[in-house]
Amino acid sequence: MLRISQVKIKPGHPVSALKGAAAGLLRIPEEDITGIKIIRQSLDARKKPDLYYSYSLEVALKDEEKVLRRFRGKENLVCRVDQNPYRFPESGEKKQTYPTVIVGTGPAGLFCGYFLALHGYRPLLLERGKPVEERQRDVEAFWETGRLNPDSNVQFGEGGAGTFSDGKLNTLVRDKEGRGRMVLETFVKFGAPEKICYDAKPHMGTDVLCGVVKAMRQEIIRLGGMVRFGSQVTELEITDERVTGVIVNGVEKIACGQLVLALGHSARDTFSMLRRRQVPMEAKAFAVGLRVEHSQRLINESQYGMAEPGELGAAPYKVAAKAANGRGVYSFCMCPGGYVVNASSEEGHTAVNGMSYSTRDGSNANSAVIVTVTPEDFGSGDPLAGIRFQRELEEKAYRIGGGKIPVQRYGDFKRHVMEANTDPRQDVPDTCGKECPPSSAGTGEGEKLMPRCRGAYRWADVSRILPLECSRAIVEGMEAFGRQIRGFDSPDACLSGVESRTSSPVRILRDEGLQSAVRGLYPCGEGAGYAGGIMSAAMDGIRVAEKIAGEYASG
């Protein structure tokens, strides 16, 4: 099997055209290719609107050695495939006395549970929220009525916070073991489109993710595992510095062989319990900011050179800059054709996120524009200081928006920030009063952009939410991004806040064996501070499953 790269074809081609293009690059007849598989597909838009798909393919040939000799010295184009399939540790003779208990059913918990169940173990997954189909109804009801269910919302419930997002499947994690490929193939097995295995920018969308999550849960149960909902771990049982069990909902004791803490980044009450039980933790850097919305047509024009890109779908973007104060400013969780959503999980607090459906057919593009914050910004050495920092921002967003998503035109935001001489967060009213009208400043290019939100919004002074130096960094970033994407810094763009749940503000410390100093306790995934999205969280879940299986494979 050979790997060939830089096979370029115009969008809209039939699948059969790949074989002809591969044969042309290899300078062989098509009939000499006996098998072909897409490994990677990316879009080359450097000469827009003249666009090409660039492919990496694996091909089986009648005479591979002849072709390799022809391309000697050009291994960047043609090389032999190094087959290195993913392998999970083999089961040993040692048996579990008590089950592995996994707390949380986000990507980390689901993949840890699925791989343990797949290899003969019988894990117990505990989820404080509801099954994904019930959770969907609770989230929709919250967006429509404003009535929040604290245990079933965008943050809590089966599938984790990523279930209500764009469903991006990118990761920067080095993956020589093949876990990332295995995650993608597992998603496909449970209903995701096969394209995610080769697309350079894969995504599923919230609608597809919900179905995949449910199918994985059903398979875990079929394999002998258990999944329980409405089951919040409220206490740990620790004997001789080793975890031996958990207390669920304050009353039920469950013994465990290992405890996997696959918490979400918003499990604030659980972090408080862990601190009280002296589980080693530390505050970590994360990022805060605002959601920015533009017309998807504007983004398409910039990225593809055309407002209506047809089969290419809504265009994504990724931008980054460095502010004068040294803080990084960058886009995060970009949602082509998506919506800004109310992602709150606590009464009296407002947090936002972005979400796209698989079709990405909304009229607006949105992404977070966020600024790095570090423990030095939190005003305390407490491991949970970052949580208090988040809550302060979310309380102000709630008050400024009167419980709705606060939205402001970028032109007004910029003017207020640049005119401010003191930190505007220090003088936030308890109620917003009358709604602030949308800015009259515009581009003069037709109808104004309007927010596309899931959950009620109101026009308000968003510039008063963040620390002043963060807001000024966002202004610098927006101006820099406007030089990269024409119109990005338009005064008519819509900003909403607050984007405070980008990643966990806490890291639960673990050693090289992935265990805490409290033995048998495995911090895992994004909430524990070891991942930054669906893919890396799922991969970390597999790593933890491997370590647990290794305890028995060696026995």
Side-chain angles (χ1 to χ4, degrees), residues 88-106 108-117 119-128 177 179 225-226 228 231-248 252-265 267 269-284 383-384 504 506-531 537 539-555:
F88 192 84
E90 294 183 5
S91 300
E93 295 182 0
K94 187 177 178 182
K95 302 300 181 183
Q96 286 185 307
T97 303
Y98 299 106
T100 298
V101 172
I102 300 170
V103 183
T105 58
L110 273 178
F111 273 82
C112 183
Y114 171 68
F115 272 81
L116 286 174
H119 293 87
Y121 303 91
R122 295 173 179 263
L124 168 61
L125 282 69
L126 300 175
E127 169 58 56
R128 70 188 295 169
E177 294 85 2
R179 296 187 189 98
M226 291 184 289
R228 288 179 43 179
S231 299
Q232 181 181 357
V233 171
T234 51
E235 186 60 88
L236 305 184
E237 292 196 320
I238 299 173
T239 304
D240 296 329
E241 298 185 345
R242 182 176 184 87
V243 65
T244 56
V246 295
I247 306 298
V248 174
E252 181 184 4
K253 295 183 179 182
I254 298 176
C256 64
Q258 302 83 20
L259 180 65
V260 179
L261 289 178
L263 308 173
H265 55 45
D269 45 6
T270 306
F271 290 133
S272 295
M273 179 271 289
L274 295 174
R275 181 176 179 274
R276 178 170 51 78
R277 295 309 313 267
Q278 300 183 332
V279 174
M281 296 184 291
E282 64 182 11
K284 61 178 280 291
L384 305 187
S504 182
V506 177
R507 179 175 288 113
I508 306 172
L509 301 182
R510 69 186 189 187
D511 60 21
E512 291 184 358
L514 310 189
Q515 291 189 61
S516 165
V518 178
R519 308 312 291 168
L521 191 157
Y522 290 81
C524 179
E526 185 165 346
Y530 296 97
M539 292 165 68
D540 200 54
I542 294 175
R543 286 185 69 205
V544 168
E546 292 167 359
K547 292 294 185 181
I548 291 172
E551 293 187 28
Y552 299 95
S554 60

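From a predicted model like this one, the values you see are computed outputs, not experimental measurements.
Sequence neighbours left out, not one pair with a member in residues 236-246 passes side-chain hydrogen bond (donor to acceptor under 3.5 Å, both in side chains). The list of side-chain hydrogen bond (donor to acceptor under 3.5 Å, both in side chains) pairs with a residue in residues 269-282, not counting sequence neighbours, reads R128-D269, Q232-D269, E235-R276, E235-R277, R275-D382, E282-R507.
Scored by the ring pair (Phe, Tyr, Trp, His ring centres under 6.0 Å) test, Y114 finds F190 as partners (sequence neighbours excluded). In this structure, the side-chain contact (heavy atoms from CB on, under 4.5 Å) partners of D511, at least two apart in sequence or on a different chain, are Q515, R519. Under the side-chain contact (heavy atoms from CB on, under 4.5 Å) criterion, S231 pairs with L126, R228, V248, not counting sequence neighbours. Here A545 pairs with F88, C112, F115, L116 under the side-chain contact (heavy atoms from CB on, under 4.5 Å) rule; sequence neighbours left out. Partners of T100 according to the side chain to side chain donor-acceptor pair (under 3.5 Å) rule, which considers only residues two or more places apart in sequence or in another chain, are Q96, Q258.
Note: Y121 OH to E551 CD = 9.5 Å, rounded to the nearest 0.5 Å. Interatomic distance, I247 CD1 to T234 OG1, rounded to the nearest 0.5 Å: 6.5 Å.
Closest approach of V279 to S516, counting heavy atoms only: CG1-OG, 4.0 Å. Scanning all heavy atoms of the two residues, the minimum distance from V544 to C524 falls at CG2-SG, 3.7 Å. Of all heavy-atom pairs spanning I102 and G109, the tightest one is CG2-CA, 3.7 Å. The two atoms that bring V101 and A255 nearest to each other are CG2-O, 4.3 Å, heavy atoms only. Smallest separation of non-hydrogen atoms from M539 and R179: O-CD, 3.8 Å.
By the 4.5 Å heavy-atom criterion applied to side chains, F271 and I508 are counted as neighbours. With a 4.5 Å cut-off on side-chain heavy atoms, L261 and L274 count as touching. Counting heavy atoms from C-beta on, the side chains of L236 and L521 come closer than 4.5 Å. Taking the side chain as every heavy atom from C-beta outward, E546 and L514 never approach each other to under 4.5 Å.
Distance alone, capped at 3.5 Å, is enough to place a donor-acceptor pair between the S504 side chain and the G527 backbone. No donor-acceptor pair under 3.5 Å is formed between the side chain of K253 and the backbone N or O of G245. A side-chain donor-acceptor contact under 3.5 Å links Y530 to the backbone of R510.
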